[in-house]
Amino acid sequence: MAKARSQFLCNSCGSVHPKWMGKCPDCGTWDSLQEYKTPTPDARAAVANRQTADLATATQALTLEQIDHEDAPRTATGIGEFDRILGGGIVPGSAVLVGGEPGIGKSTLLLQVADALANLKSQIPDFKVLYVTSEESARQTKLRAARLNIASKNLLVLAETNVERIVNQIHKVNPAVVIVDSIQMIYKPELPAAPGSVTQLRDCCMDLVYLAKTSGTAVIFVGHVTKAGTLAGPKIIEHIVDTVVYFEGDRFHSHRIVRCVKNRFGSTHEVGLFEMTGEGLREVTDPGNLFMEQYRPGGQPSGSVITAAMQGSRVLLVEVQALTASSVIGAARRKVSGASNDRVGMIIAVLEKRAEMRLAADDVFVNVAGGVKVAEPAIDLAIALAIASAHTNRPMQPGTFALGELGLGGEIRSIPQLEVRLREAARLGLGHAIVPHVGGKIPKLGGMAVHEVRRLSQALADI
Ligand code: TYD
Ligand code: MG
């Protein structure tokens with residue numbers, strides 16, 4: 001019998017390598033390569049035979065004109081924030097991956113989604129949802145459902161880890177949507193690898209996606225992201241599925257941001273916002289000032305600057321906080337959470353060089369409050385002002401917020417969607433905006449005073 005060929009797959013980025021290495025050469029993660037056995041030629045021949053047998057019913061090549069171009073009909077789940085991330089609802093026959101760290105709320109969200117879908121029966125006859133739990137027992141799922149007040153009759157629960165039995169049940173029940181929680185715990189008995197390994201993860205996922213495409217049943221996978229790397233990561237199946245969404249942030253904050261990173265059926269810019277409560281996840285529909293509960297109308301302390309970040313098509317007002325403290329000479333630390341480390345490093349350099357601020361002997365800490373991550377350069381100016389305000393120990397004027405990208409020459413560059421951000425800030429009662437120079441093209445927004453600046457030094461004069 002031919003020998004199975006081994007390849008090594010990176011848990012973190014999914015790249016393939018011919019031999020094992022301590023560090024993935026593509027993404028630089030240590031100890032992330034895992035052995036993956038490619039099917040033997042015999043197994044491949046079996047697959048080819050099966051495909052030949054399918055030929056009679058095989059699909060035909062079509063011209064674009066012959067293809068039905070109707071928008072794929074979607075099933076809205078009724079949980080608005082979840083539908084928003086998916087681009088309006090679940091597409092039949094699609095595969096969705098929901099990833100996140102353990103304990104962040106994946107099972108809670110999907111049980112709620114399953115229930116909301118199962119309650120659609122009144123609109124769509126014979127609409128069933130199958131929730132496959134491979135981590136918890138059916139009893140545990142029942143207890144969780146009781147806690148979440150879920151008791152839909154069209155929601156079926158299956159506690160199973162063998163993928164063949166799961167497929168059998170799907171054929172038997174014929175549900176419209178199947179949820180597999182989690183993909184890392186299911187296995188295929190004929191594979192010589194442990195559940196959670198790259199080989200198992202890929203093959204089980206392939207089988208279920210194949211089933212989704214042929215039967216029209218939508219499949220939602222849950223995948224754990226673990227830092228320890230003991231489980232193969234969801235990255236490995238990202239290319240197999242149609243839509244990928246990740247829970248962001250950590251479980252120590254009550255708010256959860258669910259971000260779409262890939263979507264074959266819609267935009268990938270959307271985020272969903274939820275709050276973890278005693279009765280499961282609650283949607284947050286007006287997130288405006290969600291992340292600045294601590295906003296004090298009387299004024300912010302030094303080192304704190306409000307800014308407006310775009311999250312999908314929505315504006316989120318966030319508070320950037322900075323602290324500088326004298327450090328051991330030559331060992332100054334820069335610690336950043338919620339923003340880009342590299343950009344903060346660059347901003348500190350610009351402050352040193354263009355604003356003559358001596359920060360080389362100081363530790364600098366920057367934090368975006370509330371556990372939200374903001375990657376866009378539009379918050380550069382807010383970070384720069386927060387550091388400057390902390391360094392000089394002078395707070396910003398009450399009701400001030402700042403927007404703008406910082407250039408290496410100390411210039412403030414324009415940012416996308418300036419007006420949308422200003423409108424949201426005006427709605428939430430902020431009275432003074434520091435923005436990039438646009439030549440007075442900003443419409444009057446309530447009583448908001450808009451200060452257009454071309455250079456960092458002009459903005460610093462406001463502190
Ligand atoms: P869970 O959905 O089990 O996380 P995951 O499937 O991503 O591992 O969520 C676990 C956390 O959520 C747990 O720490 C308890 C908390 N939780 C609540 O706060 N309220 C609730 O109603 C539920 C069901 C869970
Ligand atoms: Mg879970």
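Values below: every heavy atom of this structure, side chains too, minus hydrogens, waters and symmetry copies. Since the model is a prediction, treat every value here as computed from it, not as a measurement. Both ligands and their constituent atoms are indexed starting at 1 by order of listing.
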Check your understanding: What do the steps show when you test Thr307 against Val318 for side chain to side chain contact (heavy atoms under 4.5 Å, CB included), and what is the final call?
Key -> CA-CA 6 Å; Thr307 188; Val318 293; 3.6 Å; yes
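- Applying the 6.0 Å contact sphere to NZ of Lys335 captures no more than 12 heavy atoms from other residues, nucleotides or ligands.
- Under the rule for a side chain to side chain donor-acceptor pair (under 3.5 Å), the partners of Arg264 that lie at least two apart in sequence or sit in another chain are Asp242.
- To the nearest 0.5 Å, the span separating CD1 on Ile348 from CZ on Arg334 amounts to 4.5 Å.
- Defined by atom type and a distance below 3.5 Å, a donor-acceptor pair is present between the side-chain atoms of Thr243 and Asn263.
- For the Mg ion (ligand 2), protein N, O or S atoms closer than 2.8 Å were enumerated as Ser107 OG, with waters left out.
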Practice item. Give the intermediate values and the outcome of side chain to side chain contact (heavy atoms under 4.5 Å, CB included) for residues Ile434 and Met396. Key: CA-CA 11 Å; Ile434 306 175; Met396 302 288 294; 3.9 Å; yes
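- Partners of Ser337 according to the side chain to side chain contact (heavy atoms under 4.5 Å, CB included) rule, which considers only residues two or more places apart in sequence or in another chain, are Asn367.
- Protein residues lining ligand 1, listed by chain and number: Glu101, Pro102, Gly103, Ile104, Gly105, Lys106, Ser107, Thr108, Arg144, Arg147, Leu148, Met276, Thr277, Gly278, Glu279, Gly280 [non-hydrogen atoms, distance under 4.0 Å].
- Smallest separation of non-hydrogen atoms from Gly89 and Arg74: O-NH1, 3.4 Å.
- Of the options Glu424, Glu270, Glu81, a salt bridge (charged side-chain N to carboxylate O under 4.0 Å, His left out) to Arg314 is made by Glu81 and by none of the others.
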